[in-house]
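Keep in mind the model is a prediction, meaning the values are calculated, not measured.
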Protein chains: 2
Amino acid sequence: MRMLTGKWKAEILWRLGHGTMRFGELRRAIPGITQHMLTTQLRDLEAHGLVRRTIYPEVPPRVEYELTPSARDLGPVFNEIRIWSDKHAVALSRPT
Amino acid sequence: MRMLTGKWKAEILWRLGHGTMRFGELRRAIPGITQHMLTTQLRDLEAHGLVRRTIYPEVPPRVEYELTPSARDLGPVFNEIRIWSDKHAVALSRPT
DNA sequence: CAGCATCCTTCGGGATACTG
DNA sequence: CAGTATCCCGAAGGATGCTG
């Protein structure tokens, strides 16, 4: 649970679930998140082995983020959460 | 997720999963929790419809807590979490 | 027994400015 | 572009004492 707590963690994982993204892409894709928060949440996910960070030593700099296999295995967990929330009519703020 | 965030929520739900418990029983069963925290977390769970609180107007007072059907339906969710944590060798601090 | 009231500390989150 | 560095605020968590 602690690995997933954090205001933006779920949405970040959701976004990365669709494929590799750059830092700026994520920032633009997630309305309301600040650079600071995106950085800290990503570092946290990385530290827990859910996200891989790849730095390309170019100018301008490019950094890509992608889910690890470990994070992809969380699919069934989120799936059960969705089943539960559907059954109990809980409104999830699902990213589109 | 927000319904389950809280330092003691998961353990409280786990304990109540074994059956109805009184306030004092829970407090003794969960090492390290204070009365204040147990109260607030239980009230939070109750507000979210996961725990039912029954007051018996006796002397001395007796209050029992039990899971709601809604909370019991969370079983598959926790089950998937366990499957995931087993596979990835994450040490869950599982209450015995 | 099962709490409520009060006070205090810590932490997550955020705004803003600056940089390799 | 992709960050760091500061400063700040509110909420979560905790310690302690009192009570119907």
Side-chain angles (χ1 to χ4, degrees), chain A residues 1-16 18-68 92-93 95, chain B residues 1-16 18-68 92-93 95:
Chain A
M1 292 294 301
R2 290 282 183 186
M3 296 169 49
L4 301 178
T5 55
K7 186 171 177 180
W8 309 95
K9 299 261 182 71
E11 183 158 1
I12 291 172
L13 292 176
W14 174 270
R15 301 287 178 179
L16 292 180
H18 296 330
T20 300
M21 293 181 79
R22 300 181 55 172
F23 184 86
E25 283 183 294
L26 276 170
R27 189 169 54 76
R28 283 187 297 274
I30 304 176
I33 198 171
T34 62
Q35 287 189 339
H36 183 78
M37 277 301 102
L38 183 53
T39 301
T40 57
Q41 302 273 292
L42 279 171
R43 291 297 143 81
D44 217 22
L45 290 169
E46 188 189 6
H48 284 110
L50 297 178
V51 160
R52 178 163 37 178
R53 181 164 172 259
T54 309
I55 307 173
Y56 296 89
E58 307 170 350
V59 178
R62 180 162 61 102
V63 179
E64 291 190 340
Y65 294 90
E66 61 182 326
L67 295 189
T68 62
L92 289 187
S93 54
Chain B
M1 293 293 299
R2 289 284 182 187
M3 296 170 51
L4 301 179
T5 55
K7 188 171 177 180
W8 309 95
K9 298 262 182 73
E11 183 158 2
I12 291 172
L13 291 176
W14 174 270
R15 301 288 179 179
L16 292 180
H18 296 331
T20 299
M21 293 181 79
R22 299 181 56 172
F23 185 87
E25 284 182 294
L26 276 169
R27 188 169 55 76
R28 283 187 298 275
I30 304 176
I33 198 170
T34 62
Q35 287 188 340
H36 183 80
M37 276 301 102
L38 183 54
T39 302
T40 57
Q41 303 272 293
L42 279 171
R43 290 298 143 82
D44 216 23
L45 290 169
E46 188 189 6
H48 284 110
L50 296 178
V51 160
R52 180 163 36 176
R53 181 165 173 261
T54 310
I55 307 173
Y56 297 88
E58 306 170 351
V59 177
R62 180 163 61 100
V63 178
E64 291 190 342
Y65 294 91
E66 61 182 327
L67 295 189
T68 62
L92 288 188
S93 53

So B:Thr54 and B:Thr20, do their side chains get closer than 4.5 Å, heavy atoms only?
no
Heavy-atom distance under 4.5 Å between the side chains of B:Leu16 and B:Leu50, does that happen here?
no
Across the strands shown, which category fits A:Tyr56 at heavy-atom distances under 4.0 angstrom: base, sugar-phosphate, nothing?
nothing
With nearest nucleotide decided by heavy atoms, which residue, A:Arg2 or A:Thr39, maps closer to the 5′ end of DNA chain D?
A:Thr39
Closest non-hydrogen atoms of B:Met21 and B:Ala29, given as atom of the first, atom of the second and distance, are CE-CB, 4.0 Å
Note: chain B reaches DNA chain D at heavy-atom distances under 4.0 Å over the stretch, first to last nt, 5' to 3', of D:dG13 to D:dG20
Could you go through residues 30-49 of chain A and list every donor-acceptor pair under 3.5 Å that involves a side-chain atom there, pairing it with any protein atom two or more places apart or in another chain?
{"unit_1": "A:Thr34", "atom_1": "OG1", "unit_2": "A:Met37", "atom_2": "N", "d": "3.2"}
{"unit_1": "A:Thr39", "atom_1": "OG1", "unit_2": "A:Gln35", "atom_2": "O", "d": "2.8"}
{"unit_1": "A:Thr40", "atom_1": "OG1", "unit_2": "A:His36", "atom_2": "O", "d": "3.3"}
{"unit_1": "A:Thr40", "atom_1": "OG1", "unit_2": "A:Met37", "atom_2": "O", "d": "3.0"}
{"unit_1": "A:Gln41", "atom_1": "OE1", "unit_2": "A:Trp8", "atom_2": "N", "d": "3.2"}
{"unit_1": "A:Gln41", "atom_1": "OE1", "unit_2": "A:Lys9", "atom_2": "N", "d": "3.4"}
{"unit_1": "A:Asp44", "atom_1": "OD2", "unit_2": "A:Lys9", "atom_2": "NZ", "d": "3.0"}
{"unit_1": "A:His48", "atom_1": "ND1", "unit_2": "A:Asp44", "atom_2": "O", "d": "3.0"}

Return the 5'-most residue of the pair A:Gln41, A:Pro61 with respect to DNA chain C, ranking by each residue's nearest nucleotide.
A:Gln41
Worked verdict on A:Leu67 versus A:Val51 for side-chain contact (heavy atoms from CB on, under 4.5 Å)
CA-CA 5 Å; A:Leu67 295 189; A:Val51 160; 4.3 Å; yes
I'd like to check the side chain to side chain donor-acceptor pair (under 3.5 Å) partners of B:Arg53; sequence neighbours left out, ordered by chain and number.
B:Tyr65
For B:Glu66, give me all partners under side chain to side chain donor-acceptor pair (under 3.5 Å), at least two apart in sequence or on another chain.
B:Arg52
Taking five pairs at each terminus, the helix from C:dC1-D:dG20 to C:dG20-D:dC1 shows an axis bend, to 10°, of 50°
Numerically ordered, the residues 21-37 of chain B set in heavy-atom contact under 4.0 Å with DNA chain D is B:Thr34, B:His36, B:Met37
Step by step, would you call B:Lys7 with A:Arg2 a side-chain contact (heavy atoms from CB on, under 4.5 Å)?
CA-CA 9 Å; B:Lys7 188 171 177 180; A:Arg2 290 282 183 186; 3.5 Å; yes
Nucleotides bounding contact with chain A, strand DNA chain C, heavy-atom threshold 4.0 Å:
C:dG13 to C:dG20
Here the salt bridge (Lys or Arg N to Asp or Glu O under 4.0 Å) pairs for residues 23-32 of chain A, sequence neighbours left out, are none
